[in-house]
Amino acid sequence: QVQLVESGGGSVQAGGSLRLSCAASGVTSRYYCWGWFRQAPGKERETVARIYTGGDRGYYADSVKGRFTASQDYVKNTLYLEMSGLKPEDTAMYYCATLPSTAAYCSSVYGWTIFTYWGQGTQVTVSS
């Protein structure tokens with residue numbers, strides 16, 4: 001059973017940076033699609049970034065392109081989300097998620113509902 005634990009959230013001022021981590025356990029192969037998602041109060045969950053094992057085939061929401069970078073340390077089984085230039089509209093609960101996948105399927109994934117395993121989330125609050 002895959003388990004995910006996020007950390008690194010917090011409160012920052014606009015323009016600041018944070019690095020979120022997602023420690024994975026129970027991962028038995030390299031063939032996983034990984035994603036970062038967020039949900040603000042009263043809003044739907046949205047995809048922030050999605051990568052395949054090793055960081056290939058990255059996808060980023062238009063709202064975070066150029067500011068956020070997702071990466072993975074396969075040896076440490078940890079997924080990261082480097083966030084810079086944070087804006088108040090980035091305030092949300094951030095979740096990591098994964099599902100067993102081929103690289104091609106990972107590239108074709110739309111949305112968040114297909115992801116199988118989820119962390120508990122970490123709160124990011126950006127003040128103006």
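One is the number of the first residue; the rest follow in order along the sequence. A quick note: this is a predicted structure, and the numbers were derived from the prediction, not measured. Any value given below was found using the heavy atoms of this structure, including those in side chains, with hydrogens, waters and symmetry copies removed.
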I'd like a table of donor-acceptor pairs (distance under 3.5 Å, sequence neighbours excluded) in which one partner is a side-chain atom from residues 7-20, with atom names and distances.
none

Can you give the donor-acceptor pairs under 3.5 Å from side chains of residues 109-119 to other protein atoms, not counting sequence neighbours?
| from | atom 1 | to | atom 2 | distance (Å) |
| --- | --- | --- | --- | --- |
| W112 | NE1 | R45 | O | 3.4 |
| W118 | NE1 | F115 | O | 3.1 |

Q. Can you tell if the side chain of L4 reaches within under 4.5 Å of the side chain of T98, non-hydrogen atoms only?
A. yes

(Q) Distance check, rounded to the nearest 0.5 Å: C96 atom SG versus F37 atom CZ? (A) 9.5 Å

Q: First locate atom CD of Q3, then atom CD of Q120, and finally report the distance between them rounded to the nearest 0.5 Å.
A: 10.5 Å

(Q) Please determine whether side chain to side chain contact (heavy atoms under 4.5 Å, CB included) holds for the pair Y95 and T122, giving the CA-CA distance in whole Å, both sets of side-chain angles, and the decisive distance to 0.1 Å. (A) CA-CA 7 Å; Y95 300 89; T122 186; over 6 Å; no

Q | Summary of salt bridge (Lys or Arg N to Asp or Glu O under 4.0 Å) pairs that have at least one residue in residues 91-118, sequence neighbours excluded | A | none

Q: Would you kindly confirm whether V124 and Y60 end up in one hydrophobic cluster when ILVMFWY residues are joined by side chain heavy atoms under 4.5 Å apart?
A: yes

Review item, side-chain donor-acceptor pairs of residues 76-89, under 3.5 Å, at least two apart:
| from | atom 1 | to | atom 2 | distance (Å) |
| --- | --- | --- | --- | --- |
| T78 | OG1 | K76 | O | 3.0 |
| S84 | OG | R67 | O | 3.0 |

Q: To the nearest 0.5 Å, tell me how far S25 OG sits from Q1 CD.
A: 9.0 Å

Q. Do the non-hydrogen side-chain atoms of Y31 and T102 ever get within less than 4.5 Å of each other?
A. no

Q: Quick one: list whatever passes side-chain hydrogen bond (donor to acceptor under 3.5 Å, both in side chains) with W34, sequence neighbours left out.
A: T53

**Q.** Flag, side chain of Y52 to backbone of S101, donor-acceptor distance under 3.5 Å
**A.** yes

Q.
If you apply the rule side chain to side chain contact (heavy atoms under 4.5 Å, CB included), what do you find for W36 with C22, and how did you get there?
A. CA-CA 9 Å; W36 284 102; C22 172; 3.7 Å; yes

Q: May I ask you to test the E6-S21 pair for a side-chain heavy-atom distance under 4.5 Å?
A: no

Q. Given the rule in the side chain to side chain contact (heavy atoms under 4.5 Å, CB included) test, do Y32 and V27 qualify, once you have shown the distances and angles that lead to the verdict?
A. CA-CA 9 Å; Y32 281 82; V27 174; 3.5 Å; yes

Q: Work out which heavy atom in C106 is nearest to a heavy atom in R50; give both atom names and the distance.
A: O-NE, 2.9 Å

**Q.** Sequence neighbours excluded, every pair satisfying salt bridge (Lys or Arg N to Asp or Glu O under 4.0 Å) that has a member inside residues 21-44
**A.** R38-E46, R38-D90

(Q) I'd like to know if the side chain of T125 and the backbone of T91 have a donor-acceptor N/O pair within less than 3.5 Å. (A) no

